[in-house]
Amino acid sequence: MQTPGLRVHDERTGKEYNLPVQDDCIRAMDLRQIKVNPDDFGMMAYDPAFTNTASCRSAITVIDGERGILRYRGYPIEQLAGKASFLEVAYLLLHGELPTETELRTWVSQVTHHTMVHENIKKFMDGFHHDAHPMGMLISTVAALSTFYPDAKNIRDPEARKLQILRLVGKMPTLAAYAYRHSVGLPYVYPDNNLDYAGNFLRMLWKMGDNSYAPDPILARALDILFVLHADHEQNCSTNVMRAVGSSNADPYVATAGAAAALYGPLHGGANEAVLVMLDEIGSVDRVPEYIKRVKDGKFRLMGFGHRVYKNYDPRARIIKKTAEEVFEVTGRNPKLDIALELERVALEDDYFVQRKLYPNVDFYSGIIYQAMGFTPDIFTVLFAIPRTVGWLAQWQEMLDDPDQKIARPRQIYTGAAKRDFIPMAQRKPAA
Ligand code: SDX
């Protein structure tokens, strides 16, 4: 018995077509049989920004936007954040299962022994202007890593892939810290293999001179939780880039640089920095109504609000909000939290936001914590890129192992000029 599918009636020709349905999807290629004339190209699906297109099958992360659910390899984010370390979650995303104690110990040791970068990277980093944006430095430097590791081109060799993954997971905090230290004119600090992932990162950022530096355990733990929350998120914009660049068999360094470039945009990972700029502009709780009105007049976009998938509260934002209180016990309360809480309170009661199902997303509160921890807004997206590198790499290797996948090359609806003959220069007229 044939599994029920779609029966399509083309009113232009009176023809009928059976389109098989699997996983509540039709294969777009099954549309191509629908033609008016036999030599037509055939039907396509038009989906700008891929709002309703499944680009792949994936077993890594799943989001239920209506219910505000996020799971990594089936584990709810609420059960992972605070219980599993970031490197434990990184292992889960990359390998598919939570590691045993021995597996975790080996994994942490391997990542830890890949935190150093080639000394020439420092010369590369020194070439940037003193006020270069850390994301611009990170993106360029990650791409430059591909020139240090030509073996990364062996993307079909599992051992070569594993080595590049260890290098990228291990080196991202080092590159991020170097970018920050360069932007504030401080010497680079080498990684300390005796510290955990977040603690080592904090030390590379904040160690001054020959003074010893011990990361505050509460801040290191809070950062580790934030890394867990930012690790992966289905086929978001930057992950789509990682898969697309990787689909041409480019090496993982340039693919990761491309993904980080997409993340940099203020509509994506750059939103955490944009939220702080927005809160600074609003300036005080009593100016919130004025800005809510500007949003409703379409003159202002509430950064850190709204999401393509979540039509409910982003579960990560809820956890971040709770983590903020733990951080503020150490750093003191960030007064910008009061403006953010008032924005949320007003927005969640206002019909404009309720109708559009606009809720705080992962970026709404993260910047407030980062600022309280001493990070400047221009490094916030770098803090997003570090953990998301694990998600990008997990998605990249899944794409390479998927027999359904090949080089990504979308089609288009052509709206340009019909065929026309070349015009010699003497006969050309300025365009109207
Ligand atoms: C991330 O995809 C992911 O998973 C991303 C991410 C991840 O982990 O990888 O979750 C990380 O990128 C989070 C999102 C961070 N970006 C922001 O906070 C920027 C502000 N948010 C928006 O720009 C917007 O909500 C997006 C980009 C996040 C989603 O945009 P969509 O899905 O394309 O929605 P839309 O722009 O079509 O908006 C739908 C309606 C529109 O109103 P109408 O035209 O129907 O009247 O909602 C309005 C929009 O104007 N709207 C907003 C709004 N977001 C959407 N109005 C005011 N403020 C906002 N933030």
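Keep in mind it's a predicted model, so treat the numbers as computed, not measured.
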Return the [atom1] to [atom2] distance between [X] and [Y], rounded to the nearest 0.5 Å.
X    : Y    : atom1 : atom2 : value
T389 : L138 : OG1   : CG    : 7.5 Å
M172 : L175 : CE    : CG    : 6.5 Å
I339 : M278 : CD1   : CE    : 9.0 Å
E101 : T106 : CD    : OG1   : 11.0 Å
E88  : E103 : CD    : CD    : 11.0 Å
R203 : L195 : CZ    : CG    : 6.5 Å

Exercise. For Y352, is the NZ or CZ atom of R356 found under 6.0 angstrom from the centre of its six-membered ring and inside 45 degrees of the ring axis?
Worked result: yes

Looking at every heavy atom in both [X] and [Y], which two are closest together, and how far apart are they?
X    : Y    : value
V142 : L168 : CG1-CD2, 4.1 Å
E234 : T61  : CG-O, 3.5 Å
A262 : S238 : CB-CA, 3.8 Å
I218 : E326 : CG2-O, 3.8 Å
D224 : F86  : OD2-N, 2.8 Å
I379 : A176 : CD1-O, 4.3 Å

Do side-chain atoms of [X] reach the backbone of [Y] as a donor and acceptor pair under 3.5 angstrom?
X    : Y    : value
D251 : V254 : yes
D314 : P360 : no
K357 : Y310 : no
T174 : T115 : yes
Y313 : R316 : no
H307 : V309 : yes

Problem set entry | Close side-chain approach of I77 and I69, heavy atoms under 4.5 Å | no

Exercise. Is the closest side-chain heavy-atom distance between N334 and F328 below 4.5 Å?
Worked result: yes

Strictly under 6.0 Å, is that where the ring centroids of [X] and [Y] end up?
X    : Y    : result
H182 : F124 : no
F305 : F364 : yes
F300 : Y291 : yes

Exercise. Mind checking whether Y370 and F380 have parallel, tilted or perpendicular rings, split at 30° and 60°?
Worked result: tilted

Exercise. What is the ring orientation for Y91 with H95, classed by angle as parallel under 30°, tilted 30 to 60°, or perpendicular over 60°?
Worked result: parallel

Does a side-chain N-to-carboxylate-O contact under 4.0 Å join [X] and [Y]?
X    : Y    : answer
R243 : D402 : no
E281 : R287 : no
D350 : K296 : yes
R345 : E342 : yes
R57  : E398 : no
D64  : R71  : no

Exercise. Among Y180, Y264, F128, which one satisfies ring pair (Phe, Tyr, Trp, His ring centres under 6.0 Å) with H133?
Worked result: Y264

Heavy-atom count check: over 12 atoms from other residues, nucleotides or ligands less than 6.0 Å from [X] [atom1]?
X    : atom1 : value
K122 : NZ    : yes
F41  : CZ    : yes
R67  : CZ    : no
E97  : CD    : no
D126 : CG    : yes

Exercise. Between Y188 and E119, does any side-chain donor sit less than 3.5 Å from a side-chain acceptor?
Worked result: no

Exercise. Checking side chain to side chain contact (heavy atoms under 4.5 Å, CB included) for the pair L393/V169: CA distance, chi angles, key distance, verdict?
Worked result: CA-CA 9 Å; L393 290 167; V169 177; 4.1 Å; yes

For this session: Could you check L343 against L279 for side chain to side chain contact (heavy atoms under 4.5 Å, CB included), going step by step and ending with a plain yes or no?
Result: CA-CA 10 Å; L343 267 175; L279 294 177; 3.8 Å; yes

List the atom pairs, donor and acceptor, that lie under 3.5 Å between side-chain atoms in residues 204-212 and the rest of the protein, sequence neighbours left out.
from: K207; atom 1: NZ; to: G209; atom 2: O; distance (Å): 2.5
from: K207; atom 1: NZ; to: N211; atom 2: O; distance (Å): 3.0
from: N211; atom 1: ND2; to: M208; atom 2: O; distance (Å): 3.3

For this session: Could you please spell out the steps behind the side-chain hydrogen bond (donor to acceptor under 3.5 Å, both in side chains) verdict for Q164 and R161?
Result: CA-CA 5 Å; Q164 313 319 324; R161 280 210 307 248; over 6 Å; no

For this session: Write out all pairs satisfying ring pair (Phe, Tyr, Trp, His ring centres under 6.0 Å) with one or both partners inside residues 384-410, taking only residues at least two apart or from two chains.
Result: H230-F384

For this session: Would you mind listing every ring pair (Phe, Tyr, Trp, His ring centres under 6.0 Å) that reaches into residues 141-163, with sequence neighbours excluded?
Result: H118-F148, Y149-Y253

Problem set entry | Evaluation steps, side chain to side chain contact (heavy atoms under 4.5 Å, CB included), between L80 and L92 | CA-CA 10 Å; L80 291 170; L92 169 67; 4.1 Å; yes

Problem set entry | Intermediate values then yes/no, side chain to side chain contact (heavy atoms under 4.5 Å, CB included), D47 and T51 | CA-CA 6 Å; D47 186 9; T51 51; 2.8 Å; yes

For this session: For a side chain to side chain donor-acceptor pair (under 3.5 Å) with Q395, tell me which candidate from N240, N236, D232, T239 qualifies.
Result: D232

